[in-house]
Enquirer: 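Next up is a structure, given as structure tokens.
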Amino acid sequence: MKIASWNVNSVKARLPLLLDWLKAASPDVVLLQELKCQTDAFPMLEVESAGYNVAVHGQKTYNGVAILSKTPLEDVTTGLPGDDTDVQARYIEAVTQLGDGIVRVASIYLPNGNPVDTEKFPYKLGWMDRLIDHGRDLLALEEPLILGGDYNIIPDDRDAHNPDAWEGDALGRPESRQRFRALVNLGLTDAIRAFSDAPGEYTYWDYQRGAWQHNHGLRIDHLLLSPQAADKLTASGVDRTPRGWERPSDHTPVWCELTEG
DNA sequence: ATGCCGGGCGAAGCCCGA
């Protein structure tokens with residue numbers, strides 16, 4: 001089964017591209033971020049007509065995450081545990097079928113964290129601490145699990161065209177990278193890095209300065225797999241196709257393939 | 001490069017993203 005993650009930068013603005021890409025790539029499960037719409041404004045009929053069950057955690061104007069799956073979605077939960085005062089729609093989790101078993105998936109829109117001298121940066125770091133705590137709980141279930149989404153983290157220098165420019169930025173700061181490593185070190189596998197050590201596996205290109213044309217990108221969208229999922233991992237990649245279409249998102253999908261046996 | 005593009009909101013221009 002193919003599982004993909006895509007920050008669409010407004011699901012309403014991107015609906016034609018989303019439907020075209022669903023048809024072309026035919027992923028079994030899709031994790032979406034930055035819907036920029038409320039739950040009841042999600043284009044449910046169009047996406048269901050494309051063959052998907054849908055779970056949405058929306059919010060007006062900002063954020064918003066969803067899970068699409070060809071098989072039914074169960075045990076849907078919204079919001080990252082650990083802070084009842086956090087109202088930002090950045091986390092949704094559900095269980096769906098994987099062969100004769102199940103896979104648990106989460107769609108994550110991790111806070112950007114800039115500027116770092118504002119409350120936005122500690123919010124990001126606190127959110128990551130909560131994700132580490134929740135990840136630890138989920139791993140204890142010993143299930144196939146995929147924590148996927150826009151992490152807004154450049155894990156390593158090879159994941160940015162000009163890494164020096166991101167040293168002081170919330171995407172590349174040591175505090176951010178340290179927490180990403182702590183999350184991975186719980187026992188998760190970065191699906192892209194399981195198959196490729198190459199630089200330039202970018203998933204995001206700024207709209208400005210011809211970043212796409214010059215391949216000045218970042219690898220900030222990630223699929224992190226539990227051991228039970230990683231044991232089934234057969235392939236992964238970045239699908240650059242929709243980034244080259246008219247009126248694209250600034251992110252492009254990242255995907256992985258799991259055997260159903 | 002103090003966001004140069006693009007989306008939301010709302011009807012001009014500001015907020016936000018990474």
Side-chain angles (χ1 to χ4, degrees), chain A residues 5-19 21 31-43 56-66 86-91 107-125 127-128 131 148-177 179-180 192 199-222 238 240 242-254:
Chain A
S5 174
W6 190 13
N7 177 324
V8 290
N9 186 16
S10 169
V11 73
K12 287 190 222 172
R14 222 62 64 205
L15 186 58
L17 271 71
L18 175 62
L19 296 175
W21 177 75
L31 313 173
L32 297 177
Q33 301 87 36
E34 260 201 293
L35 305 177
K36 293 188 172 179
C37 72
Q38 291 178 311
T39 299
D40 58 10
F42 186 92
V56 181
H57 183 33
Q59 181 180 344
K60 188 179 171 70
T61 310
Y62 305 116
N63 309 317
V65 285
D86 184 2
V87 296
Q88 299 191 29
R90 296 180 175 277
Y91 186 90
S107 180
I108 291 168
Y109 180 44
L110 207 145
N112 175 302
N114 284 306
V116 294
D117 59 351
T118 68
E119 73 289 345
K120 290 173 184 290
F121 191 49
Y123 173 67
K124 174 179 194 153
L125 299 180
W127 207 95
M128 295 190 79
L131 183 59
D150 176 3
Y151 277 78
N152 273 317
I153 297 282
I154 302 162
D156 193 87
D157 281 356
R158 64 191 161 162
D159 298 317
H161 167 257
N162 180 13
D164 292 348
W166 298 92
E167 234 171 68
D169 189 279
L171 278 67
R173 280 278 289 255
E175 300 94 324
S176 308
R177 286 183 167 184
R179 281 168 176 79
F180 186 79
I192 292 296
E201 301 273 15
Y202 304 140
T203 63
Y204 162 88
W205 297 259
D206 198 305
Y207 286 122
Q208 302 174 83
R209 297 180 291 272
W212 166 247
Q213 288 76 10
H214 297 107
N215 194 28
H216 294 175
L218 302 174
R219 191 176 79 93
I220 55 175
D221 300 85
H222 309 297
V238 176
R240 294 192 174 210
R243 186 62 180 82
W245 289 344
E246 288 295 316
R247 212 178 166 204
S249 170
D250 41 5
H251 295 251
T252 210
V254 57

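All chains are named by letter (A, B, ...) in the order of the sequence lines, taking the proteins before the strands, and each is independently numbered beginning at 1. Only a predicted model underlies this, so the values are computations on that prediction, with no experimental measurement involved.
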Enquirer: Heavy atom of residues 158-166 of chain A under 4.0 Å from DNA chain B: which residues?
Expert: none

Enquirer: Determine the interatomic distance between P on B:dG17 and the same-named atom on B:dA12; round to the nearest Å.
Expert: 25 Å

Enquirer: Between B:dA11 and B:dG6, how many Å separate the two P atoms, rounded to a whole number?
Expert: 24 Å

Enquirer: Could you give the CD-to-C1' distance, from A:Gln88 to B:dG17, as a whole number of Å?
Expert: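 After rounding, the gap between these two atoms is 13 Å.
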
Enquirer: What pattern of brackets, bars and dots sums up DNA chain B from 5' to 3', given Watson-Crick or G-U wobble pairs under 3.5 Å, [ ] for crossing pairs and | for another strand?
Expert: ....(((((...))))).

Enquirer: To the nearest 0.5 angstrom, please state how far the CD atom of A:Gln88 sits from the CD atom of A:Gln59.
Expert: 6.0 Å

Enquirer: Between A:Thr203 (side chain only) and A:Asp221 (backbone N and O only), is there a donor and an acceptor less than 3.5 Å apart?
Expert: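 Here the side-chain-to-backbone pair exists.
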
Enquirer: What is the nucleic acid contact for A:Tyr151, judged by heavy atoms within less than 4.0 Å: base, sugar-phosphate only, or nothing?
Expert: nothing

Enquirer: In whole angstroms, how far is the C1' atom of B:dG17 from the NZ atom of A:Lys124?
Expert: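 Roughly 12 Å, once rounded to whole Å.
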
Enquirer: Measuring from atom CZ of A:Arg219 to atom CG of A:Leu171, what distance do you get when rounded to the nearest 0.5 angstrom?
Expert: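 Taking CZ in A:Arg219 and CG in A:Leu171, the distance rounds to 13.0 Å.
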
Enquirer: Does a side chain donor of either A:Asp86 or A:Tyr91 reach within less than 3.5 Å of an acceptor in the other side chain?
Expert: no

Enquirer: I'd like the C1' distance from B:dG10 over to B:dC16, given in whole Å.
Expert: 16 Å

Enquirer: Using a 4.0 Å cut-off on protein heavy atoms (strictly under), produce a 5'-to-3' string for nucleotides 6-15 of chain B with B for base contact, S for backbone-only sugar-phosphate contact, and - for none.
Expert: SSSS------

Enquirer: What is the distance from atom OG of A:Ser249 to atom CG of A:Leu32, rounded to the nearest 0.5 Å?
Expert: 10.5 Å

Enquirer: Rounded to the nearest 0.5 Å, how far does CG of A:Leu110 lie from CZ of A:Arg179?
Expert: 11.0 Å

Enquirer: By the 4.0 Å heavy-atom rule, please label A:Asp221 as base, sugar-phosphate, or nothing.
Expert: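 Answer is nothing: A:Asp221 stays at 4.0 Å or more from every strand.
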
Enquirer: So A:Asn63, base contact, sugar-phosphate only, or nothing? Heavy-atom distance under 4.0 Å.
Expert: nothing

Enquirer: Is there a donor-acceptor pair closer than 3.5 Å between any side-chain N or O of A:Arg243 and the backbone N or O of A:Trp205?
Expert: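 Side chain of A:Arg243 to backbone of A:Trp205, a donor-acceptor pair under 3.5 Å: yes, one is there.
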
Enquirer: Can you check the A:His251 NE2 to B:dC5 C1' distance for me, whole Å?
Expert: 13 Å

Enquirer: Between the main-chain N or O of A:Arg247 and the side-chain N or O of A:Arg14, is there a donor-acceptor pair closer than 3.5 Å?
Expert: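 Between the backbone of A:Arg247 and the side chain of A:Arg14 there is a qualifying donor-acceptor contact (under 3.5 Å).
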
Enquirer: Please determine whether a side-chain nitrogen of the Lys or Arg among A:Arg90 and A:Asp150 lies less than 4.0 Å from a carboxylate oxygen of the Asp or Glu.
Expert: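 Here A:Arg90 does not pair with A:Asp150 in a salt bridge, since their nearest N and O are not under 4.0 Å apart.
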
Enquirer: What integer number of Å spans the C1' atoms of B:dC9 and B:dC4?
Expert: 22 Å

Enquirer: Taking atom P of B:dG17 as reference, at what distance in whole Å does atom CG of A:Leu171 sit?
Expert: 11 Å

Enquirer: For A:Asp206 and B:dA1, what is the distance between atoms CG and P respectively, to the nearest whole Å?
Expert: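 Atom-to-atom, A:Asp206 to B:dA1, this comes out as 14 Å.
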
Enquirer: Expressed as a whole number of Å, how far does the P atom of B:dG13 sit from that of B:dT2?
Expert: 24 Å

Enquirer: Nearest 0.5 Å, please: how far is CG in A:Asp156 from CZ in A:Phe180?
Expert: 10.5 Å

Enquirer: Would you find a donor on one side and an acceptor on the other, under 3.5 Å apart, between the side chain of A:Tyr207 and the backbone of A:Asp250?
Expert: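 It does hold such a pair.
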
Enquirer: So what does A:Asn114 touch, heavy atoms closer than 4.0 Å: a base, only the sugar-phosphate, or nothing?
Expert: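 Base, at least one base atom sits under 4.0 Å.
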
Enquirer: Please determine whether side-chain hydrogen bond (donor to acceptor under 3.5 Å, both in side chains) holds for the pair A:Lys120 and A:Asn114, giving the CA-CA distance in whole Å, both sets of side-chain angles, and the decisive distance to 0.1 Å.
Expert: CA-CA 6 Å; A:Lys120 290 173 184 290; A:Asn114 284 306; over 6 Å; no

Enquirer: C1' atom, B:dC15 versus B:dG3: distance in rounded Å?
Expert: 11 Å

Enquirer: May I have the distance from A:Arg90 (atom CZ) to B:dG17 (atom P), rounded to whole angstrom?
Expert: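 Rounding to the nearest Å, CZ of A:Arg90 and P of B:dG17 are 7 Å apart.
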
